[in-house]
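First the structure, in the form of structure tokens, and then the observations on it.
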Amino acid sequence: MATTTQTKPTKVDRPKALRTAKGKKPQYFSDPAIDKLLSIVISMAGELSVTRERLDTVQRLLEEKKVLTSSEIDHYQPSEEVDTIRAQARAQFLDTLLRVVEAEFEEITRPDMPGSREEILKSLT
Amino acid sequence: MSLYLDAMLPNRTQDQRARQDFVKSFRRHLALKVRSGLDEVYEARVKPKFEKAHGREPQERKEVRREMTQDPYYQFWSAMQRESQVLMYDSITDALEPQREQLIERAKELGRKAQGTLELHPELEIPKYHTAADIHLMPGGFHTEVVEDDVSAGVLYDAGLDIYAFGLMGPKKDLLVRTLINYYQKEYPNHPRPTKILDMGCAVGNSTTSWKEEYPDAEVHGIDVGAPCLRHAHARAESMGIPIHYKQENAEKTSYPDESFDLVVSVIMFHETSQSALPNILGESYRLLKPGGMMMHLDVPGCADPFGAFVMEWECKNTNENFANMYRATDMAATAIKMGFEEGKARNEGAAAKSFSPHFSSWPVVVGEK
């Protein structure tokens, strides 16, 4: 058999746009983690704003196409069943959102949680 | 806003537009609501604290900076202000990246039926003051090309101008050059109508096209070191039906012959250069002027009051307008005279304007007559 040359088609990657500016980023707070957290919170606020606008577009289109009016949305009365589904969804949302608090709680209360790093290291030997 | 002005800007989906609009509203909120609180915070707690410790008011910008950067209100404003600028370019990139090749094609298409010209010099060395850090936090700066014939930097800068000043620059983003043109016409009504104009550091040509609109019979040239900006500028101008001659040149040393222009102008360029470039550009301006010609460079203001000066230096310390403080410390007219203008023929003046800040009411203009 002849020697195989690598002719596997190589996927040409589209060069990525640059996302990070060259330079020195100042630190604003005593703990750099706060800087990062603030950036994340602002990005989240942005995404919320984007979602609200999208919802607004959906509402306007539904009204334009005479599917329903926004007043119908405002006066919507959820049935008991819908209420239950929503309550579950909210609980799950809060679980996800406050996962970091839950983790700390587990750290304190779970019996199999190691008390310290030293304890973990000891158990490894 | 007329459509033609958007010819070189990416189309936006519902969410891309909403993301950019969020950043615009966020910046407006920071500028009009949060930033004004800095004055009160300074008066109410920062200054009294300093006075108590030192028995006097802060006298220097540095003293104000030392105290203010420890203040939690300032820290939050400053961190959010920087973040808004990061998100600004990021939200534009979201729309730009998928359409990059289409925009490059559009620029080429507009270039094929051009009335103006575009001359690029890839061998031109990009000055250190552009490559050391990305000015404005615009990833890649004015010059970086991600792909061949790239226009990305131009798109980022052009779309950024609108978000940066939350629409105050106007649909043609020509607020500052209009300020300079008004100043010129009001202060020098007897200066002969210019027939050849050079706009230095023109970026996407948002000032250059206004000079041509104002003086349609004049031949108008725009130079910049950034090729992607110039490609964008050329296409933008052509889409507006305004013929401009764009050329990739370093304003410190151009290839135009002596005495080529009636007007040599720029808008907010010098504060993004360097200590060695600044006098060179003034000298080059002199060389390029015809006898009787005029140089007018408008740039960012400073402030004599230490607190105002501290507020105004924010971009210098936070968004890579690194040379701005040194620019402000330079006597432009004196430097212009050192670089060739006759004594008394170069002056530091101010162009009155509606401003973004309570700390200034006019833009500095260095004027030179030959």
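Naming: A, B, ... by sequence-line order, numbering from 1 per chain.
The part of B/T144 that comes within reach of chain A is its side chain, from C-beta onward, which places non-hydrogen atoms under 4.5 angstrom from that chain.
Between A/L38 and B/F76, the shortest heavy-atom contact is CD1-CE2, 3.3 Å. Contact detail for B/N320 and A/K22: the closest heavy-atom pair is ND2-O, 3.0 Å. The minimum heavy-atom distance linking A/A21 with B/D134 is given by the pair CA-OD2, 3.5 Å.
In this structure, CG in A/D35 is found 9.5 Å from CZ in B/R82, a value given to the nearest 0.5 Å. Here the OG atom belonging to B/S152 is positioned 8.0 Å from the CG atom belonging to A/L18, to the nearest 0.5 angstrom. The CD atom of B/Q75 sits 9.5 Å away from the CD atom of A/Q27 when rounded to the nearest 0.5 Å. For the atom pair CG (B/D21) and OG (A/S49), the distance works out to 8.0 Å, reported to the nearest 0.5 Å. A/T57 contributes atom OG1, which lies 3.0 Å from atom CD of B/Q14 (distance to the nearest 0.5 angstrom). Atoms CG and OG1, on B/D15 and A/T51 in that order, are 7.0 Å from each other to the nearest 0.5 Å.
Ranked by non-hydrogen atom pairs under 4.5 Å with chain B, the options A/V41, A/T20, A/I34 are led by A/T20. With respect to chain A, the highest number of heavy-atom pairs below 4.5 Å among B/S91, B/A132, B/A18 belongs to B/A18. Counting heavy-atom pairs closer than 4.5 Å to chain A, the top-ranked of the candidates B/M80, B/Q16, B/M138, B/Q70 is B/M80. Among the candidates B/L87, B/L96, B/D94, the residue making the largest number of heavy-atom pairs closer than 4.5 Å to chain A is B/D94. In terms of heavy-atom pairs under 4.5 Å with chain B, the best-connected choice from A/E47, A/R52, A/K24 is A/E47. Of all the listed residues (B/L137, B/N318, B/T69, B/V147), the one sharing the greatest number of non-hydrogen pairs under 4.5 Å with chain A is B/N318. In terms of heavy-atom pairs under 4.5 angstrom with chain B, the leader among A/S30, A/G46, A/S43, A/G23 is A/G46. With chain A as the partner, the residue from B/G140, B/S78, B/S25 showing the most heavy-atom pairs under 4.5 Å is B/S78.
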Assess the residue pair B/E97 and A/R14 against the criterion (side chain to side chain contact (heavy atoms under 4.5 Å, CB included)); give the C-alpha distance rounded to whole Å, side-chain angles, the decisive distance to 0.1 Å, and a yes or no. CA-CA 10 Å; B/E97 193 173 28; A/R14 257 181 103 247; 4.3 Å; yes
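A donor-acceptor pair under 3.5 Å is formed between the side chain of A/R19 and the backbone N or O of B/D90.
Within 6.0 Å of CZ in B/R17 there are 12 or fewer heavy atoms belonging to other residues, nucleotides or ligands. Atom CZ of B/R65 has more than 12 neighbouring heavy atoms from other residues, nucleotides or ligands inside a 6.0 Å radius. Other residues, nucleotides and ligands contribute at most 12 non-hydrogen atoms within 6.0 Å of the CZ atom of A/F93. Within 6.0 Å of atom NZ in A/K25, more than 12 heavy atoms from other residues, nucleotides or ligands are found, so the atom counts as buried in its surroundings. Annotation for A/R60: atom CZ does not count as buried by contact number, only 12 or fewer foreign heavy atoms lying within 6.0 Å.
Ring pair A/Y28/B/Y74: centre-to-centre distance not below 6.0 Å.
In this structure the side chain of B/V146 reaches within 4.5 angstrom of the side chain of A/P15, judged on heavy atoms. The shortest distance between side-chain heavy atoms of B/K317 and A/P26 does not fall below 4.5 Å.
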